[in-house]
Number of protein chains: 2
Amino acid sequence: MEDGKRSGSAAQETPRRDIHNSDVPVVCASCEARHRGICGTLSPAQLLELSKHTAKGVISPEAKLALEDDPADHYSNILKGVVKLSKLMADGRQQIVGLQFAPDLVGKLFGERNDFAAEAATEVQVCTFPRSALERLVKEVPELEQRLHRQTQRELAEAREWMLMLGRKSATERVASFLYFIALHSDPEQDAGKKVMQFEIPLKRSDIADFLGLTIETVSRQFTKLRQIGAIRLVTNRLVEVPDLERLREISESG
Amino acid sequence: MEDGKRSGSAAQETPRRDIHNSDVPVVCASCEARHRGICGTLSPAQLLELSKHTAKGVISPEAKLALEDDPADHYSNILKGVVKLSKLMADGRQQIVGLQFAPDLVGKLFGERNDFAAEAATEVQVCTFPRSALERLVKEVPELEQRLHRQTQRELAEAREWMLMLGRKSATERVASFLYFIALHSDPEQDAGKKVMQFEIPLKRSDIADFLGLTIETVSRQFTKLRQIGAIRLVTNRLVEVPDLERLREISESG
DNA sequence: CGACGCCTTGATCAACTTCAAATTTTGTGG
DNA sequence: CCACAAAATTTGAAGTTGATCAAGGCGTCG
């Protein structure tokens, strides 16, 4: 939030009831994430209550949702786009330690301060609300804590998968692993009807490097290599075609 | 559990009441972890119920508590010792993705299969019980889920710290980071009364290498280097003295 | 157009790995 | 307690991978 350029704060209006949506607040009624993520576990009344403290917004690439070591005072529900979580060392070295997609919730339930910065990788749509609002809800809805626990557990399993990647995989394997991971999280719409799988990489090369523990140059060279052996095709720098996803997975485990 | 040699299964006896310990089962009354970890949140009655399904045991180094991809059908509460969590690739490359100390609980609440193997790094004392027993308790004691959630969150923060280490730190920084981490988790008793901090490294060099994403040779060379610059002193291969912990932390962040 | 951001490519270099012993430590049986 | 074998650790020399340094190309936006 620190410097995120905002637009479209529909939630500033007083939420109204909508007879066609059985008491669901209007802000939520049209929301794609209404039935996913944490919102899916809430009753219309709870949704209404939460929406009173909610600000919907659009965040442009590179803008921050939260800063490392800052007080963890708000949460953001991702409605669309990709958020990168990163850690920075005193001398400027950086490592991306997580990627979050809709409908993930950015922010943790316990602990006073953020362990990492959260910033928009792509343009991101979010619903932001204060920590107190979520804490109140969690007390009311035990299911919610379970849902958040599941997300934390999923993130942990991912982080450990990446530890294996960072500790033991070659540059080629890392880039293939990354593309495979993005492929699995990409919107299947994008290649509906197309012969080969096609998707947009939500990160630029320097982000990919910071994610994979490599330099931009090495990442670039691995893209070139994967292109040369026919494992991928680059439509543009960001748009990739993968003729054989299984092949990509194989490369991600054995060079 | 798969091949852990066991001894001392006190829990096989029918738990009895002990008037000096207000209904706490005898197995638990003498347990050092009684008031820590998950047991700390349980009432004597719940403790009694849990202890009926519990087997206390000792596991020797290198023995497995759980295998990667195996059904996640039991949990182990660590009473003493260190457990390593590791992932293995098809070609034999290995990465340690977590270390657990008493009174951590090994095993996750959701998900059918283990994401990694868990094995004893040192000799380990555990209380093991079936998944069903914990699931039942969690439904009864909402606080318990919260406690487990906190542990998961702590493990996640740790895993991300290690991603930074694996992705961006030099060999020297990694070894210093590792020693600093172990120092913080070491039993303060060990150097009570001594002038300098002293502790036992719970892993052998090959484990350290698998944890740091290095080779044993490189780990060994870094130990030599840290010794030469006076950052550590090796009493034995496993026993380390750290004259200045802050110095070690500095090295862990800037070579 | 021209400047800037982003990406690619090439040449050189340093860090870490690999391969190969040597050395120390540990465990076992006499 | 010693002797011996096995395991773990250290050390050295050579080889690779990926980093660093240095241009150059491409696309976009004022």
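Order of the sequence lines sets the chain letters (A, B, ...), proteins ahead of strands, with each chain counted from 1.
Heavy-atom neighbours of B/E250 CD from other residues, nucleotides or ligands within 6.0 Å: above the threshold of 12.
Across all strands shown, A/I216 has no heavy atoms under 4.0 Å from either base or sugar-phosphate atoms. As judged by a 4.0 angstrom heavy-atom cut-off over every strand, B/T224 is placed among residues touching the sugar-phosphate backbone only. Heavy atoms of A/G213 sit under 4.0 angstrom from primed sugar atoms or phosphate atoms, though from no base atom.
Between the CE atom in B/M165 and the CE atom in A/M163 there is a gap of 6.0 Å [rounded to 0.5 Å].
Residue B/R227 places no side-chain atom within donor-acceptor reach of the base of D/dT11, judged by atom type and a 3.5 Å distance cut-off alone. Contact annotation: side chain of A/R174 to base of D/dT17, donor-acceptor pair absent below 3.5 Å.
Taking only side-chain atoms of B/R238, from C-beta outward, the nucleotide of C/dA11, D/dT9, D/dT10 with the closest atom is D/dT9. Of the candidate nucleotides C/dT18, D/dT10, C/dC16, D/dT10 has the atom nearest to the side chain of B/L234. Checked against C/dT17, D/dT20, D/dG18, the side chain of B/T218 finds its nearest nucleotide in C/dT17. Distances were taken from every side-chain heavy atom of B/L214 (C-beta onward) to each of D/dG12, D/dA8, C/dC16; the shortest belongs to C/dC16.
When the P atom of C/dG10 is taken as reference, atom CZ of A/R221 falls 9 Å away, rounded to whole Å. When rounded to the nearest whole Å, the span between CG of B/D207 and P of D/dA7 equals 16 Å. If you take CD of B/E173 and P of C/dC16, they are 9 Å apart, rounded to a whole angstrom. When rounded to the nearest whole Å, the span between CD of B/E62 and C1' of C/dG27 equals 15 Å. Rounded to an integer number of Å, the gap from CG of B/L166 to C1' of C/dC16 is 15 Å. Regarding B/K225, its NZ atom lies at a distance of 11 Å from the C1' atom of C/dA15, rounded to whole Å. Between the CG atom of A/L226 and the P atom of C/dC7 there is a distance of 16 Å, given to the nearest Å. The interatomic distance linking A/F223 (CZ) with C/dC7 (C1') rounds to 11 Å, in whole Å.
Looking only at side-chain heavy atoms (C-beta outward), B/P202 and B/I182 come within less than 4.5 Å of each other.
Electrostatic pairing of A/E173 and B/R93 counts as a salt bridge here, judged by a charged N lying under 4.0 Å from a carboxylate O. A salt bridge links B/D210 with A/R168: the distance from a Lys NZ or Arg NE/NH1/NH2 to an Asp or Glu carboxylate oxygen falls below 4.0 Å. At a threshold of 4.0 Å, the pair B/D207-B/K84 counts as salt-bridged, since one of the basic side-chain nitrogens sits closer than that to a carboxylate oxygen.
Between A/S220 and C/dT8, a side-chain N or O to OP1/OP2 separation shorter than 4.0 Å is present. One finds a side-chain N or O of A/R205 lying less than 4.0 angstrom from the OP1 or OP2 phosphate oxygen of C/dT8. Look at A/N237 and you'll find a side-chain N or O under 4.0 angstrom from OP1 or OP2 of C/dT8. Side-chain nitrogen and oxygen atoms of A/T215 include none within less than 4.0 Å of the OP1 or OP2 phosphate oxygen of D/dG18. Contact annotation: B/S206 does not reach the phosphate of D/dA8 (side-chain N/O to OP1 or OP2, under 4.0 Å).
Map A/E217 and A/K169 each onto its nearest nucleotide of DNA chain D; the residue landing nearer the 5' end is A/K169. Each of A/L203 and A/R168 has a nearest nucleotide on DNA chain C; the 5'-most of these lies closest to A/L203.
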